Amino acid sequence: MSEGVIGRRSAGQLLLSRDFGLFNTAKTFSTLGIWVHSVVAAIAMFSATNSTAAVGLVSAVQFLPLLLLAPLSGKWTDMGSTKRQLLFGRIISTAGSAAVSAYYLVDHPTGHRAAVILLAASTIVGIGGALGGPAWQSAVSELVTVEELPSAIAINASPLVVGRLLGPLLGAGCVAISGDALGFAVAGLTQVVCLALLMPVRFPRRTTAVDGDDTILTGVRHVLTHRYLLLMMFAITAVGFGSEPTLTVAPAIAASLGGGAALVGILTASFGVGAAVGMAITAGFAPHFRSEELALWGLTSMTVGALAMAASPWQSSTMLGFGLVGIGFSMASTSVGTAVQVSVPPRLRGRIMALWLVGFVGSRPLASVLVGITADLTSARAAVLVMALLPASAAFLCRPRALPPKPELN
């Protein structure tokens, strides 16, 4: 925990504090850049191939590195330098967006050549995200006191909401105004801003782990031996799976409604608006309801929103469906994240939050490919029904009355 902090700071004081405030703002710019890159790459891929499955591959390769690297990255977070890890990851992500921007500035590839270039660049961006992902999550507890942790975790969800809200609008707007090269350049620039903001942040020195407690499998064993944590991991996997198709199917749904890049931005931004509303609801109700109850509401909202997306033939009601998924996404991800962080020992937090990220973000490659293929074989709206299956299952299995007690901290 942060040293030298007296008393419990309010949410506003946390946001204005030097270390946590800069950290949260840096994460906001980093998340914004990731979403700008994702949306621009999705638009460019659909334009080059006219395939929703190909769009799904863009998301898959961007988040597949997390499945491979996050457990190791989580160990590095527990044992090494948080700041160095965050900076290194952002440098790699910057390189991925900047390289594809430079290529599109001098050439505008189509077909298979465009697909290869976009997939390569998105893989590089994904590697950067995987290296820094666990550190973004576990570092919150280093910068605040124990009493401030619930508020700080809720605030730590705000960059994701801002990214999902502004990223699609910014990315699609850049493409509509000046083309793909500008969109990728803006994605890289936001990572540079993130690097500049992280430099002054002071992270406390980590405590060395005891002998025998420094392996990746230690965190895995801890989760496997606590059914509560296993169910929370399933819940966050359902949140990631259920939210990913809102980006993958957006170009196809926009096309079916007679729109182009601008409508893609509007639809995905509707998700972001919903996520902002969901964050406000979570903040307002958190003092009065358990995290598990708010997570149930969120998973239910995601399910209802997906069904509305699948059934709606109009732009306005389709936007509402995207918004409901966003509300549920924000409520469920924040509440499940809070439940996990307060239920695990500090010495294992990096590794366990890496597993949390594997479920949250690592499920997206499978979701994007599965939904993309389903959309190509049937329709985009039929594919949306697939995205509702996991959140609906998690809402049933993780309802508060069915959950076992939280594990004791030791």
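Every value quoted in this text rests on a predicted model; they were computed, and no experiment measured them.
- Closest approach of V36 to G183, counting heavy atoms only: CG1-O, 3.4 Å.
- In this structure, CD1 on I236 lies 4.5 Å from CH2 on W356, to the nearest 0.5 angstrom.
- Here the side chain of R202 pairs no donor or acceptor atom with the backbone of R18 at under 3.5 angstrom.
- Among all heavy-atom pairs drawn from S343 and L229, the shortest one is CB-CD2, 4.2 Å.
- When all heavy atoms are compared, the tightest approach of L87 to L198 is CD2-CB, 3.8 Å.
- S335 contributes atom OG, which lies 11.5 Å from atom CZ of R290 (distance to the nearest 0.5 angstrom).
- Within the 4.5 Å cutoff, side-chain heavy atoms of L403 are placed close to those of M232.
- Here the side chain of T25 pairs a donor or acceptor atom with the backbone of G21 at under 3.5 angstrom.
- Side chains of M45 and L57 form no contact here, defined as non-hydrogen atoms less than 4.5 Å apart.
- Within the 4.5 Å cutoff, the side chain of R90 has no heavy atoms near those of the L86 side chain.
- More than 12 heavy atoms of other residues, nucleotides or ligands sit less than 6.0 Å from atom OH of Y104.
- Here the CG-OG distance, from L182 to S101, works out to 7.5 Å after rounding to the nearest 0.5 Å.
- In this structure, R113 and Y103 approach most closely via the heavy-atom pair NH1-OH, 3.0 Å.
- Annotation: the span from Q191 atom CD to I34 atom CD1 amounts to 5.0 Å, rounded to 0.5 Å.
- The NZ atom of K406 sits 5.5 Å away from the OG atom of S291 when rounded to the nearest 0.5 Å.
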Show me the donor-acceptor pairs within less than 3.5 Å that the side chains of residues 117-125 make with the rest of the protein, sequence neighbours left out.
from: S122; atom 1: OG; to: H37; atom 2: NE2; distance (Å): 3.1
from: S122; atom 1: OG; to: L118; atom 2: O; distance (Å): 2.9
from: T123; atom 1: OG1; to: L119; atom 2: O; distance (Å): 2.7

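- For the residue pair V239 and S333, the shortest heavy atom distance occurs at CG1-CB, 4.1 Å.
- A donor-acceptor pair under 3.5 Å is formed between the side chain of T225 and the backbone N or O of H222.
- Formation of a donor-acceptor pair under 3.5 Å by the S243 side chain with backbone atoms of G240 is found in this model.
- Considering CD of E292 and CG of L294, their distance stands at 9.0 Å, rounded to 0.5 Å.
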Begin from the C-alpha positions of F241 and F234 and carry the test ring-ring contact (aromatic ring centres under 6.0 Å, His included) through to its verdict.
-> CA-CA 10 Å; F241 185 95; F234 176 68; over 10 Å; no
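- Although no hydrogens or angles enter the test, the distance criterion places no donor-acceptor pair under 3.5 Å between the side chain of S30 and the main chain of A26.
- Side-chain contact between I352 and M233 is present, with heavy atoms from C-beta onward closer than 4.5 Å.
- S17 places a side-chain N or O within donor-acceptor distance of the main-chain N or O of L14, the cut-off being under 3.5 Å.
- A donor-acceptor contact shorter than 3.5 Å links the side chain of T28 to the backbone of N24.
- Between P200 and L22 there is a side-chain heavy-atom pair separated by less than 4.5 Å.
- When all heavy atoms are compared, the tightest approach of R227 to A402 is NH1-O, 3.9 Å.
- Classification of the W297-F285 ring pair by plane angle, with boundaries at 30° and 60°, yields perpendicular.
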